[in-house]
J.: 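Have a look at the structure that comes next, please.
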Amino acid sequence: MPSSENWIKSKEDFKSTQSNILSAFKSIRFNLQFKSDEVLIASEEFTFGFYWPAEIRIYILPENEFFNLKILVSNFGFGPIQKKHCEKVSKDFINAFNLIIKESSDSSIDKEVINLLRKFQSLKSQGIITEQEFQAKKKKLLDL
């Protein structure tokens, strides 16, 4: 049974890590088969006739402030073509997971900046800060 194993780290909380894993499965078109708190298993939605569908098992292992993710990809095919397919699936999942983490961290920064700008706008409209102070805060936030 050809397989591929990789490890990656998640610095998100447990629920965010699970959610990002599920989103990565979906983006590479894998169906979730079984879910427990620490193990997520999914298989390919569609396969061609010359290979069997790959299966991804993700083990979420806590370590200090982050989680190690053990990624096992396997199928029941034979030979080097199947092994290459497992390696490709593993890389596709890791790339999708990392992209989702990057997008979520970028959007959380944007939301934080927007919320701070709204707060400063409110302070300005209440007369607590001046237009110049508002513009200075705005410039500082948008230069981040």
Side-chain angles (χ1 to χ4, degrees), residues 1-126 128-129 133-144:
M1 171 186 345
S3 64
S4 176
E5 178 180 321
N6 283 289
W7 289 81
I8 57 175
K9 291 183 190 284
S10 174
K11 295 189 178 184
E12 305 281 322
D13 63 50
F14 185 73
K15 288 293 178 191
S16 295
T17 297
Q18 279 186 326
S19 176
N20 291 337
I21 291 168
L22 296 175
S23 295
F25 281 151
K26 187 175 181 179
S27 73
I28 63 170
R29 297 191 172 125
F30 270 60
N31 291 322
L32 187 65
Q33 293 177 332
F34 171 78
K35 180 175 136 180
S36 72
D37 281 345
E38 295 83 19
V39 181
L40 299 171
I41 302 172
S43 64
E44 283 180 290
E45 284 182 6
F46 179 78
T47 61
F48 296 105
F50 67 90
Y51 69 84
W52 289 270
E55 175 184 86
I56 299 177
R57 290 178 182 255
I58 309 292
Y59 297 88
I60 305 172
L61 309 168
E63 183 180 317
N64 299 328
E65 304 112 36
F66 57 87
F67 296 95
N68 283 317
L69 305 180
K70 181 178 182 181
I71 302 161
L72 294 174
V73 180
S74 62
N75 66 18
F76 296 97
F78 301 98
I81 292 172
Q82 304 303 327
K83 181 167 177 55
K84 287 179 184 175
H85 179 66
C86 289
E87 289 168 357
K88 180 187 178 310
V89 165
S90 184
K91 287 177 187 172
D92 289 348
F93 173 83
I94 291 168
N95 291 338
F97 183 81
N98 287 331
L99 182 62
I100 288 164
I101 287 176
K102 182 180 180 332
E103 287 173 352
S104 67
S105 67
D106 288 348
S107 67
S108 66
I109 290 169
D110 292 344
K111 288 177 188 173
E112 184 178 326
V113 168
I114 290 167
N115 287 335
L116 285 171
L117 285 172
R118 285 183 180 148
K119 178 183 169 189
F120 291 129
Q121 177 66 38
S122 174
L123 291 173
K124 183 185 88 163
S125 66
Q126 294 172 21
I128 297 172
I129 64 173
E133 290 170 321
F134 172 75
Q135 291 301 327
K137 295 285 187 188
K138 180 179 169 184
K139 183 178 184 326
K140 185 176 178 184
L141 284 172
L142 296 176
D143 284 344
L144 292 176

J.: With rounding to the nearest 0.5 angstrom, report the CD1 to OG distance, I21 to S16.
T.: 11.0 Å

J.: Rounded to the nearest 0.5 Å, how far apart are CD1 of I129 and NZ of K137?
T.: 7.5 Å

J.: Considering all heavy atoms of both residues, which atom of T17 and which atom of F97 are nearest to each other, and what is their separation?
T.: O-CE1, 4.1 Å

J.: With the side chain counted from C-beta on, respond yes when I58 and F25 share a heavy-atom pair under 4.5 Å apart, and no when they do not.
T.: yes

J.: When you measure from the side chain of E87 to the backbone N and O of S4, does any donor-acceptor pair fall under 3.5 Å?
T.: no

J.: Just by distance, do the side chain of S90 and the backbone of C86 share a donor-acceptor pair under 3.5 Å?
T.: no

J.: Shortest non-hydrogen contact from D13 to F67?
T.: C-CE1, 3.8 Å

J.: How about W7 and L61: do any of their side-chain heavy atoms sit closer than 4.5 Å?
T.: yes

J.: Taking the side chain as every heavy atom from C-beta outward, state whether F14 and P62 have any pair of such atoms under 4.5 Å apart.
T.: no

J.: Do K124 and F134 meet the cation-pi criteria used here (NZ or CZ under 6.0 Å from the six-membered ring centre, within 45° of the axis)?
T.: yes

J.: Any chance you could measure N20, atom CG, to S10, atom OG, to the nearest 0.5 Å?
T.: 6.5 Å

J.: Considering only heavy atoms from C-beta outward, does the side chain of V89 approach that of N75 to under 4.5 Å?
T.: no

J.: Quick one: pull up CD1 in I128 and NZ in K119 and give me the separation to the nearest 0.5 Å.
T.: 10.0 Å

J.: Looking only at heavy atoms, which two atoms of L32 and I41 are closest? And how far apart?
T.: CD1-O, 3.2 Å

J.: Ignoring hydrogens and angles, tell me if any N or O in the side chain of E44 forms a donor-acceptor pair with the backbone of A54 under 3.5 Å.
T.: yes

J.: Counting neighbours of CD on E65 that are heavy atoms of other residues, nucleotides or ligands and sit closer than 6.0 Å, is the number greater than 12?
T.: no

J.: Does the side chain of N95 come within less than 4.5 Å of L99's, by heavy atoms?
T.: no

J.: Quick check: do F93 and V73 have side-chain heavy atoms less than 4.5 Å from each other?
T.: no

J.: Just how far is it from atom CG of L141 to atom CG of L117, taken to the nearest 0.5 Å?
T.: 5.0 Å

J.: Which value, rounded to the nearest 0.5 Å, describes the distance between K138 atom NZ and L116 atom CG?
T.: 14.0 Å

J.: Would you check if I60 and L69 make a side-chain contact, meaning some heavy-atom pair closer than 4.5 Å?
T.: yes

